[in-house]
Amino acid sequence: MKGIGKITCSMAAALLIAVGCRTTGSGDAKGDDTTEKNTIKEAATFDSDSAYTYVARQVAMGPRVPGSPANAECARYIVRELTRHGADTVTEQRASVTAYNGDVLPINNIMGRFNTEAPTRLLLLAHYDTRPWADSDPDQANHASPVPGANDGASGVGVLLEIARQISKTQPKVGVDMLFVDAEDYGQESGFSNHDETWALGTQYWIEHMPYAQDALPRYAILLDMVGGIDAKFHREYFSNNSARNIVDKVWGIAARSGYGSRFVNLDGGAVVDDHVYINKAGIPAIDIIESKNDVTKSFSPTWHTINDDLDNIDRASLKAAGQTVLNVIYSEK
């Protein structure tokens with residue numbers, strides 16, 4: 001991933017500050033709002049420890065670079081978990097795509113569908129691949145090393161798998177489709193603003209072969225990306241606001257009513273070229289829940305595209321804020 005704000009990817013990288021192992025935030029993110037009253041009655045409770053375990057399982061596989069054994073293992077794991085949690089159908093979309101540097105990448109997009117009889121559907125998605133190069137690491141010696149991808153990769157997947165576990169126990173009124181895309185993070189960083197199409201390759205392939213008829217598209221889509229950083233805050237991402245402002249309003253409003261207003265900051269964040277950009281182009285209003293205005297870097301998390309994107313820098317409270325908010329959004333729909 002991806003460009004951010006009005007600056008190039010390389011300029012954003014210059015803002016990043018290296019971090020070592022840090023203590024994660026303690027407890028859940030609730031209870032820190034003084035201006036918003038919690039008016040949401042939770043139909044299901046997101047378990048941040050369970051989500052953290054899903055993240056840890058992925059990280060233990062190693063970097064999930066497209067075409068690697070760890071990537072294939074992660075795909076099998078996602079399929080098993082969706083099946084275990086009672087998805088009505090689980091499908092795999094296997095193909096090959098060509099990256100900007102000529103690498104031919106085998107990809108596998110995975111979709112699990114819940115409550116398929118419901119006429120109204122929501123689409124949730126995350127990418128499970130990880131970047132092959134830690135090219136934003138402050139130590140140039142690490143630039144050829146793969147990124148562990150605890151936050152940028154595993155966190156969104158971990159949240160979705162925990163949501164799947166919850167909705168398997170308490171079925172919502174709407175159908176929920178979960179899409180796990182491959183080859184999101186294999187894009188060209190240099191001269192970023194001229195190479196948007198080199199990112200989100202799995203999603204670009206998926207929208208060319210969507211499983212939906214044009215008159216039966218999901219009501220909207222929510223992308224979860226980098227939702228596990230230390231003390232992460234989620235601002236209103238630029239392209240989400242432009243293409244699906246009413247969905248941003250809905251999600252950020254429910255977050256505030258759920259007690260997470262300090263995490264879902266109701267202010268503009270950066271402009272991020274991510275999977276949701278292509279979902280929007282396919283005619284499905286889509287938003288991105290992503291940390292794009294970190295307090296330190298003013299852009300992404302300090303661990304973005306570095307070797308420090310590891311389990312020591314995952315915050316259960318951040319996972320909880322994102323996951324409980326999305327669960328509350330799901331159960332608010334009729």
Side-chain angles (χ1 to χ4, degrees), residues 28-30 32-33 35-46 51 113-115 118-126 155-156 159-160 162-164 166-167 170-179 212 216-227 232-272 274-293 318-334:
D28 292 336
K30 298 180 71 171
D32 52 6
D33 291 317
T35 59
E36 293 289 350
K37 188 176 181 180
N38 183 356
T39 60
I40 295 287
K41 182 177 180 181
E42 296 175 358
T45 301
F46 186 91
R113 307 189 76 191
F114 296 82
N115 193 15
T120 299
R121 312 203 62 75
L122 307 182
L123 175 63
L124 310 179
L125 68 152
S155 68
V159 168
L160 289 193
E162 171 58 14
I163 290 174
Q166 293 301 327
I167 65 177
T170 305
Q171 181 170 282
K173 294 178 181 179
V174 296
V176 177
D177 296 337
M178 294 188 178
L179 175 62
Y212 304 115
L217 296 175
R219 180 175 288 176
Y220 57 84
I222 298 175
L223 168 64
L224 292 120
D225 197 355
M226 296 200 291
V227 292
K233 295 180 176 64
F234 311 114
H235 291 70
R236 299 169 64 107
E237 188 273 331
Y238 175 83
F239 294 117
S240 304
N241 263 343
N242 272 11
S243 298
R245 179 177 293 271
N246 61 322
I247 308 304
V248 177
D249 290 342
K250 176 197 290 281
V251 173
W252 264 246
I254 287 176
R257 291 167 53 215
S258 301
Y260 300 113
S262 64
R263 291 286 191 155
F264 282 74
V265 180
N266 199 28
L267 297 171
D268 291 343
V272 185
D274 208 343
D275 299 295
H276 70 303
V277 171
Y278 299 98
I279 300 293
N280 269 303
K281 290 180 180 179
I284 304 170
I287 69 167
D288 195 359
I289 298 176
I290 186 170
E291 183 179 14
S292 65
K293 201 172 183 180
S318 299
L319 298 172
K320 172 70 173 181
Q324 189 65 60
T325 293
V326 174
L327 266 182
N328 290 349
V329 169
I330 292 168
Y331 289 102
S332 75
E333 295 289 352
K334 298 178 181 179

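The analysis underlying the following values was restricted to heavy atoms, covering all of them including side chains, and did not include hydrogens, waters or symmetry mates. Positions are given from 1 along the sequence.
Between the Y331 side chain and the T170 main chain, a donor and an acceptor come within less than 3.5 Å of each other. At least one donor-acceptor pair closer than 3.5 Å links the side chain of Q324 to the backbone N or O of A44. Using modelled atom types, one side-chain atom of S240 and one backbone atom of D288 make a donor-acceptor pair closer than 3.5 Å. With N280 contributing its side chain and A286 its backbone, the two residues share a donor-acceptor pair below 3.5 Å. In terms of modelled atom types and a separation under 3.5 Å, the side chain of N115 and the main chain of V174 share a donor-acceptor contact.
Residues S258 and N328 share a closest heavy-atom pair of OG-ND2, 2.8 Å. Counting all heavy atoms, side chain and backbone alike, G270 lies closest to S292 at N-OG, 3.1 Å. The two residues A282 and L217 come nearest to each other via the heavy atoms O-CD1, 4.2 Å. Heavy-atom minimum distance, D268 versus H235: O-CD2, 3.8 Å. Closest heavy-atom contact between F239 and V272: CD1-O, 3.4 Å. Taking each heavy atom of V265 and W252 in turn, the nearest pair found is O-NE1, 3.1 Å.
Annotation: the span from L327 atom CG to I254 atom CD1 amounts to 11.5 Å, rounded to 0.5 Å. Atom OH of Y260 and atom NZ of K320 lie 4.5 Å apart (nearest 0.5 Å).
With sequence neighbours left out, A232 forms a side chain to side chain contact (heavy atoms under 4.5 Å, CB included) with F234, R263, E291, S318. Residues satisfying the side chain to side chain donor-acceptor pair (under 3.5 Å) criterion with D275, sequence neighbours excluded, are T203. For V251, the side chain to side chain contact (heavy atoms under 4.5 Å, CB included) partners are I222, I247, F264, I287, I289, T325, V329, not counting sequence neighbours. Applying the side chain to side chain contact (heavy atoms under 4.5 Å, CB included) rule to A51 yields the partners F46, E162, L319; only residues at least two apart in sequence or on another chain are considered. By the side chain to side chain contact (heavy atoms under 4.5 Å, CB included) test, N242 is found to be paired with Y238, residues two or more places apart in sequence or in another chain being considered.
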Apply side-chain contact (heavy atoms from CB on, under 4.5 Å) to the pair V176 and I163, showing each step before the final yes or no.
CA-CA 10 Å; V176 177; I163 290 174; 5.6 Å; no

Stepwise side-chain contact (heavy atoms from CB on, under 4.5 Å) check, V326 with V159
CA-CA 9 Å; V326 174; V159 168; 5.7 Å; no

When you look at N246 and Y220, which way does the side chain to side chain donor-acceptor pair (under 3.5 Å) test go after all the steps?
CA-CA 10 Å; N246 61 322; Y220 57 84; over 6 Å; no

Using the side-chain contact (heavy atoms from CB on, under 4.5 Å) rule, take E237 and L223 through it: C-alpha gap first, then chi angles, then the decisive distance, then the call.
CA-CA 11 Å; E237 188 273 331; L223 168 64; over 6 Å; no

Show your working on salt bridge (Lys or Arg N to Asp or Glu O under 4.0 Å) between D249 and R236 and close with a plain yes or no.
CA-CA 9 Å; D249 290 342; R236 299 169 64 107; 2.7 Å; yes

Given side-chain contact (heavy atoms from CB on, under 4.5 Å), test L122 with I330 step by step and report yes or no.
CA-CA 8 Å; L122 307 182; I330 292 168; 4.2 Å; yes

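L160 is not listed as a side-chain neighbour of L179, based on a closest heavy-atom distance of 4.5 Å or more.
Within the structure, every pair that satisfies the salt bridge (charged side-chain N to carboxylate O under 4.0 Å, His left out) test and touches residues 324-334, not counting sequence neighbours, is listed here: R219-E333, K250-E333.
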